[in-house]
Amino acid sequence: MASTTKECSLPTFPTIHQCPSIGREKHTVVADMDGTLLRGRSSFPYFALVAFEVGGILRLLFLLLASPLAGLLYYCVSESAGIRVLVFATFAGMRVSDIESVARAVLPKFYSTDLHSETWRVFSSCGKRCVLTANPRIMVEAFLKEFLGADMVLGTEIATYRGRATGWVLSPGITVGKNKADALNKAFGTDPSLAPDIGLGDRKTDFPFMKLCKESYVVPAKPEVEPVSHDKLPKPIVFHDGRLVQKPTPLMALLTILWIPVGFMLACLRIAAGALLPMPVVYYAFWALGVRVYIKGTPPPPAKKSIGQSGVLFICSHRTLLDPIFLSTALGRPIPAVTYSLSRLSEIISPIKTVRLSRDRFTDANMIKKLLEQGDLVICPEGTTCREPFLLRFSALFAELTDELVPVAMSNRMSMFHGTTARGWKGMDPFYFFMNPSPAYEVNFLNKLPYDLTCGAGKSSHDVANYIQRNIAASLSYECTTFTRKDKYRALAGNDGIVEEKPKRAAAAKKIMGC
C-alpha cells in the first residue's frame, strides 16, 4: 500500500511528442543529456572513448572491469554511486588537457550520431538552450556548445590536482536528483517568473528539476526514434579524431581488447608482405591476408624513358598515408610519392620511395620536376587526410609542373580502427589500418585530364586544381570544401599542424605533423 501511495505521488508529465516547437524563439529550454538529448541512456561508451584515447588499452580494460560494480551501484544503490565509479575508473591520473582534447576532437562524432530527433526538434526551436547533465562537464561542453548551440552547460565537476584529474568529483557531487534542481536554481534563481520555459528529462531523477520549469515533458525510452540525420545537424562534422570506428559499448570494448593482440600480429604480417614482396605480387598477397583492394578505371601505361617521355602525375584524394601504396598495388609497380610529412617508422617500412616536401614553393617545384623526369609520381594535394565524405582544398602547385595529370579517387573502409590521427603518434597509423579484420581500399582511376584543361592550354593552376577536386568529389559523391590542413589541426589539436624542428635538424625544412 505504501509503495502504491509513493508511485501516485510522483508527478506525471506529457511526452516530448506533445510538445509544440513553433513560436519558441524567445523561450528557454533545459534538457537532460543521456536518454533525453541523446537516444542512448548509458554514458559508458563515452567514458570508454576517453579511457582508450587517453589511457590506451589498459585503461579501457580497467574501466571494463569496473563497469559491473558501477552497474550494480547504479541500479541497486543510486545513480550517483554508479557514475562515481565510472568517473574514477576513467579519469584518475589523466591530464586535464588530454581529457579536453578528446572531448573536442573525438566525442562530437559519436554524440552527433545519437541525437534524439524529437528532443532536438524542441531543443533547437528555443532561443536559449541549457543542458543539465550528470556527465562531467569537461566531457560534454565542447560538443554541446560548438555543435548544438547550447548557451549553458551544467554538469558534474571533476576534482583536479596540478593539472591532473584525481578521479573524485567536486561538491555537491554528481549532478542527479536534487543536485540538478539546486544547479537549476543557482543558474536561473528561485523566482518562478525567471524559471526556464521548458524542462526535458527521461527518468525519475530528472523530475526535481523538471518541476521547476513552466512546462515539462518526458522523453520515453520506447518507441525508439531515428537519430537526427547528418544533413539536419546545425554544424557538419568535417574533422574528427580518435582510433575507434564504432561506439565502444561494453561488448564492443571487450571485443576490441581481445582483438588488439591478434590484430597487431596480423598487421605486422600484412605490412611485411607489402614491404618485402615484389609489387606485382602484393595485390594477391593482400587478398590472401584479408585486405581487399578494388580497382576501377583504366590506368595509363608506364612512361617510356627511352623516348624521353616524362612521367604521369597521379592526383589522389587523401584518406590515409597508405594511399600511394595502394595506388602502387593497383598498378603493380612502385610509384614514388611526395608527402608533406611522414613518420620515420613509416618511411622505414614503406615499400615505395617517399620524398618530403619542404613547404618552399621553388624548392618543391624543382624537386617534383626532377622526379617526373625519372617516371610516374603520386601526390595528395589536400596536404592532410579527411575521414568524412569531404575533400579539402587542393594545393595548386602540381598543376603548374606538368600537363600529364591523372586524377585518382581513393576511398577505404575500416570496421574497428581508424588509420589516421591528428593527436597521436602517426607511426602507428599503418598498423592501426591493417589491424582491422578486413580493411578495404578502392582505387578509381579517372580519365586523364585533357590538354585543353591544363595550364599548358592557358588555364590557371587554381582552375585546374579546382576542376580536379570537383571531378574526384563527383566520382566519390563527396562534397568539396575550402578547408585546409591548418583548419583541421586547429579544430582537432589546437595548433596549425606545424612543430618546431629539433636543433640537429634546424637547417632542414620545417617538419609538418603527419598526413
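Computed over heavy atoms, backbone and side chain alike; hydrogens, waters and symmetry mates excluded.
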[X] side chain to [Y] main-chain N or O, any donor-acceptor pair under 3.5 Å?
X      : Y      : answer
Asn135 : Ser43  : no
Gln469 : Cys480 : no
Asp323 : Arg319 : yes
Arg270 : Phe434 : yes
Lys448 : Pro299 : no
Trp259 : Asn436 : no

Distance from Ile237 atom CD1 to Thr113 atom OG1, nearest 0.5 Å?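 Going from the CD1 atom of Ile237 to the OG1 atom of Thr113 covers 9.0 Å.
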Please report whether the ring centroid of [Y] lies less than 6.0 Å from that of [X].
X      : Y      : value
Phe239 : Phe390 : no
Phe431 : Trp425 : no
Tyr432 : Phe264 : no

Under a plain distance cut-off of 3.5 Å, with no hydrogens placed, do [Y] and [X] share a side-chain donor-acceptor pair?
X      : Y      : value
Glu388 : His240 : yes
Asp231 : Ser229 : yes
Asn444 : Ser475 : no
Asp463 : Ser460 : yes

Between Tyr111, Phe52, Phe110, Phe143, which is the residue that forms a ring pair (Phe, Tyr, Trp, His ring centres under 6.0 Å) with Tyr46?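 The residue from Tyr111, Phe52, Phe110, Phe143 that satisfies ring pair (Phe, Tyr, Trp, His ring centres under 6.0 Å) with Tyr46 turns out to be Tyr111.
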ring-ring contact (aromatic ring centres under 6.0 Å, His included) between Phe326 and Phe286, worked out: CA-CA 10 Å; Phe326 279 96; Phe286 276 168; 5.5 Å; yes
Run the numbers on Glu400 and Arg361 for salt bridge (Lys or Arg N to Asp or Glu O under 4.0 Å), then give the verdict. CA-CA 11 Å; Glu400 303 171 6; Arg361 190 176 184 85; 2.6 Å; yes
Run the side chain to side chain contact (heavy atoms under 4.5 Å, CB included) check on Glu382 and Thr484 step by step: do they pass? CA-CA 7 Å; Glu382 290 173 276; Thr484 64; over 6 Å; no
Arg292, CZ atom: more than 12 neighbouring heavy atoms under 6.0 Å: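 Above 12, so yes.
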Is Arg393 salt-bridged to Asp487, cutoff N-O under 4.0 Å?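 No salt bridge links Arg393 with Asp487.
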Looking at Lys370 and Glu373, is there a salt bridge between them, counting it only when a charged N and a carboxylate O are closer than 4.0 Å?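 Between Lys370 and Glu373 there is no salt bridge, as every charged N stays at least 4.0 Å from the carboxylate O atoms.
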Testing Lys426, Lys109, Arg387 for salt bridge (charged side-chain N to carboxylate O under 4.0 Å, His left out) with Asp241, which one passes?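 That would be Arg387.
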